[in-house]
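Keep in mind that the numbers below use all heavy atoms, side chains included, and drop hydrogens, waters and symmetry copies. Sequence lines set the chain letters: A, B, ... in the order given, protein chains first and strands last, and positions in each chain run from 1.
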2 protein chains.
Amino acid sequence: MARIRLIDVAELAGVSMKTVSNVVHSYPHVAPALREKVQAAIDQLGYRPNLTARRLATGKTGMIALAIPEIDHPYFSELSRHLAEEATRRGYRVIIEQTLSDPDLERAVLSDREAGLVDGVIFHPVRMETLDIARLDAGTPLVLLGEAAMPVMTDHVMIDNVSAALDATRHLLASGCRRIAFLGVIAADITGSTNQRLLGYQQGLLEAGIRLDPELVFTALEFTAEAGLSSVAEAIERGVHFDGVVCRDDRFAIGALKALHNSGRSVPGDVAVVGWDNTFLAAYTSPTLTSVAPKKTELVAAAFDLLEERIAGYRGVGRHMIAGHSLAVRESAPLTP
Amino acid sequence: MARIRLIDVAELAGVSMKTVSNVVHSYPHVAPALREKVQAAIDQLGYRPNLTARRLATGKTGMIALAIPEIDHPYFSELSRHLAEEATRRGYRVIIEQTLSDPDLERAVLSDREAGLVDGVIFHPVRMETLDIARLDAGTPLVLLGEAAMPVMTDHVMIDNVSAALDATRHLLASGCRRIAFLGVIAADITGSTNQRLLGYQQGLLEAGIRLDPELVFTALEFTAEAGLSSVAEAIERGVHFDGVVCRDDRFAIGALKALHNSGRSVPGDVAVVGWDNTFLAAYTSPTLTSVAPKKTELVAAAFDLLEERIAGYRGVGRHMIAGHSLAVRESAPLTP
DNA sequence: CCGATAATGTACAGCGCTAGAAAGATATTT
DNA sequence: AAATATCTTTCTAGCGCTGTACATTATCGG
């Protein structure tokens with residue numbers, strides 16, 4: 001069980017440590033015969049380089065951290081998957097940090113936890129705001145995701161929420177909806193995402209010459225399908241009439257679908273529904289869910305590009321990038337009414 | 001941007017490195033005045049210990065790897081979450097490795113990739129079989145999950161699939177079902193999970209004195225909701241009569257729900273449906289889905305216990321543990337028919 | 001056949017931190 | 001006051017690998 005070290009291989013092969021190291025790294029200028037001999041020693045001993053030691057010597061860890069609120073939220077688990085694959089492609093490994101939207105855990109991400117452990121951090125904050133982050137952003141290269149915070153000096157990637165909400169609203173308008181609701185405004189949401197989406201929704205209505213009816217802006221208590229369900233159920237009970245809903249979240253949309261189903265309304269016949277995030281949930285509901293689709297691969301690639309530039313030494317002001325989006329059209333809000 | 005080192009703090013505070021280290025580690029025998037002076041220097045310089053160096057010196061990394069087929073499969077993302085939380089509780093950090101069910105990537109998990117990077121690995125294999133793993137299981141402490149492989153020398157945790165399938169079948173029988181189908185057998189499944197579940201299903205029927213009708217064992221082409229849907233739709237089309245379905249997977253169950261809905265059958269009125277894994281999907285379908293619920297926290301805790309014993313030096317034969325399960329009863333198969 | 005250039009190989013000083021040995025200070029006991 | 005016990009702090013040898021500086025051996029045109 002005693003670990004085999006570089007020097008053990010070197011001794012067995014009768015060469016210097018550096019030569020073994022050269023073989024391990026496929027350094028070109030090693031005589032074929034020697035290379036073979038060293039390789040034989042490596043195989044015989046079952047030598048595996050100690051990555052921690054290599055890291056200390058090189059100063060590079062080859063790891064990046066992804067800090068997200070919840071691993072098992074579909075949006076984030078899908079994002080994680082894309083990032084993991086992009087990382088593999090670029091020769092990095094990913095360590096996932098779950099903040100649970102806890103301010104202390106979020107702060108920990110930026111302060112001591114990652115020191116010397118990773119080359120960089122991609123962080124989707126929920127509770128920390130611009131100034132908090134600006135204050136703590138220290139040595140480790142950092143790229144932010146989402147709408148919660150965007151300090152001037154820190155790189156940042158998000159999608160254009162206003163324009164995406166506009167697209168969703170236009171889609172519903174194009175298919176004939178005239179009384180379009182928005183689900184939902186949330187007291188606990190301090191990320192600003194909802195506001196931007198609400199803005200796009202309003203703009204869409206305006207374009208079509210429709211006045212915003214405050215009754216059509218539904219409020220939910222928390223970010224769950226159940227909360228979405230009760231919000232919509234309550235509106236129906238109040239007698240609010242609507243023929244379309246833009247939801248800020250696929251989970252709300254699922255709740256809305258259920259509420260509509262319970263009240264005997266057909267989707268999309270009576271009410272068309274658009275979700276947000278295009279998680280795989282959208283393909284599993286009945287009817288399947290039309291959903292705003294952030295281009296996750298684009299988002300991840302952009303974030304990684306920025307991060308690698310930081311890792312390479314860029315020290316300038318923060319770059320703020322917009323990743324693309326589209327609308328994944330499914331049964332709940334088809335193209336033709 | 002130059003990193004602050006332990007020695008920098010030591011110089012500023014006018015003490016030795018060890019004293020600073022003692023302060024950092026809250027070693028008790030440091031005079032209060034000195035401790036304060038050192039702390040001041042640490043704060044002033046913004047010193048953060050370099051974890052890589054610490055690791056090299058101590059030989060412990062404080063990290064474990066979780067190797068799973070797909071991060072964004074609900075079962076695994078939920079498992080990851082539990083593991084991440086358990087790890088935090090025990091003072092470890094988790095690095096997630098996605099194998100994508102690729103034999104080469106799975107092999108890589110056990111061979112060179114983790115050397116010296118993590119203290120241990122928790123691995124849910126899909127393609128590698130018992131002998132492959134036995135052959136490669138080298139130095140790093142390892143615990144296996146799932147039914148695919150269980151080498152004698154390696155620790156292993158799973159749930160009792162036979163008994164869980166039996167419970168599910170009994171549940172359907174108790175609520176009056178007599179023609180219970182099983183969805184689905186899959187050609188590509190080499191993990192053995194399906195067989196065990198099928199066994200429990202058969203046993204349940206036997207207990208009730210019902211002969212297994214081969215027509216009621218549905219086959220699917222792959223692990224997707226769509227495949228489940230077509231499998232059930234086809235059976236309906238063939239005129240197969242059934243009043244209950246045990247699904248090997250929540251996604252199959254979702255497909256079944258859709259197929260039944262499309263054919264105008266009511267759930268649970270005409271057909272009761274039980275899924276498997278009790279992922280959060282189960283709460284989002286309509287009707288909500290009764291599902292076999294592996295006790296994920298128990299599973300994770302058991303795996304971590306075994307792993308920590310290995311890390312602590314246990315070298316004996318593999319321990320094979322069974323984690324508990326229950327049935328999460330929801331609308332698709334309520335208790336009373 | 002020689003000096004010059006390129007190809008190979010060796011030696012060894014770190015990377016930043018930990019932890020045990022040893023030394024220096026202070027308190028307690030006889 | 002000497003002797004012993006108890007704290008407190010310093011010294012320093014690694015942890016395993018990398019990369020630079022340097023030594024040695026081929027290769028080659030003229």
Q: Using side-chain hydrogen bond (donor to acceptor under 3.5 Å, both in side chains) as the criterion, list what pairs up with A:Glu11, not counting sequence neighbours.
A: none
Q: Round to the nearest Å and state the distance from B:Tyr27 atom OH to D:dT10 atom P.
A: 13 Å
Q: I would like to know whether A:Leu145 and A:Leu79 meet side-chain contact (heavy atoms from CB on, under 4.5 Å); could you show each step before the answer?
A: CA-CA 11 Å; A:Leu145 263 28; A:Leu79 195 71; 3.9 Å; yes
Q: Tell me, please, which residues at least two apart from B:Asp277 pass side-chain hydrogen bond (donor to acceptor under 3.5 Å, both in side chains).
A: none
Q) Got a sec, which residues hit side-chain hydrogen bond (donor to acceptor under 3.5 Å, both in side chains) with A:Ser101, two or more places apart in sequence or on another chain? A) none
**Q.** Segment of DNA chain C, first to last nucleotide, that comes within the 4.0 Å heavy-atom reach of chain A
**A.** C:dT8 to C:dG16
Q | Given B:Arg90, B:Arg310, B:Arg319, the one that forms salt bridge (charged side-chain N to carboxylate O under 4.0 Å, His left out) with B:Asp305 | A | B:Arg90
Q) Contacts to DNA chain C from residues 8-16 of chain B, heavy-atom cutoff under 4.0 Å, which residues? A) none
Q: Write down the atom of B:Asp155, the atom of B:Gly318, and the distance for their closest heavy-atom approach.
A: OD1-CA, 3.4 Å
(Q) Using the salt bridge (Lys or Arg N to Asp or Glu O under 4.0 Å) criterion, which residues pair with B:Lys18? Sequence neighbours excluded. (A) none
Can you check nucleotides 14-17 of chain D for protein contacts, nitrogen or oxygen pairs under 3.5 Å, and list what you find?
residue	atom	partner	partner atom	Å
D:dC15	O2	B:Ala57	N	3.3
D:dG16	N2	A:Ala53	O	3.3
D:dC17	OP1	A:Tyr47	OH	2.4
D:dC17	OP1	A:Asn50	N	3.2
D:dC17	OP2	A:Leu6	N	2.5

Q.
Restricting to salt bridge (Lys or Arg N to Asp or Glu O under 4.0 Å), what partner residues turn up for A:Asp8, sequence neighbours left out?
A. A:Arg5
Q | Which residues share a side-chain hydrogen bond (donor to acceptor under 3.5 Å, both in side chains) with A:Ser16, sequence neighbours left out | A | A:Thr19
Q: Quickly work out the B:Leu34 CG to D:dT10 C1' distance and round it to whole Å.
A: 12 Å
Q: Return the angle between end axes of the helix from C:dC1-D:dG30 to C:dT30-D:dA1, with five pairs used per end and rounding to 10°.
A: 40°
(Q) Between A:Lys18 and B:Thr19, which residue's closest nucleotide on DNA chain D lies nearer the 5′ terminus? (A) B:Thr19
Q.
Once you measure the plane-to-plane angle for B:Phe76 and B:His124, does it fall in the parallel (<30°), tilted (30-60°) or perpendicular (>60°) bin?
A. perpendicular
Q.
Taking salt bridge (charged side-chain N to carboxylate O under 4.0 Å, His left out) as the cut-off, I'd like each qualifying pair that reaches into residues 56-70 of chain B, sequence neighbours left out, listed once.
A. A:Arg81-B:Glu70
Q) If you take all heavy atoms of B:Ile42 and B:Val23, which pair is closest and at what distance? A) CD1-CG1, 4.3 Å
Q | Contacts of type ring pair (Phe, Tyr, Trp, His ring centres under 6.0 Å), residue A:Tyr47, not counting sequence neighbours | A | none
**Q.** Rounded interatomic separation in angstrom, taking NE2 from A:His29 and P from D:dA26
**A.** 17 Å
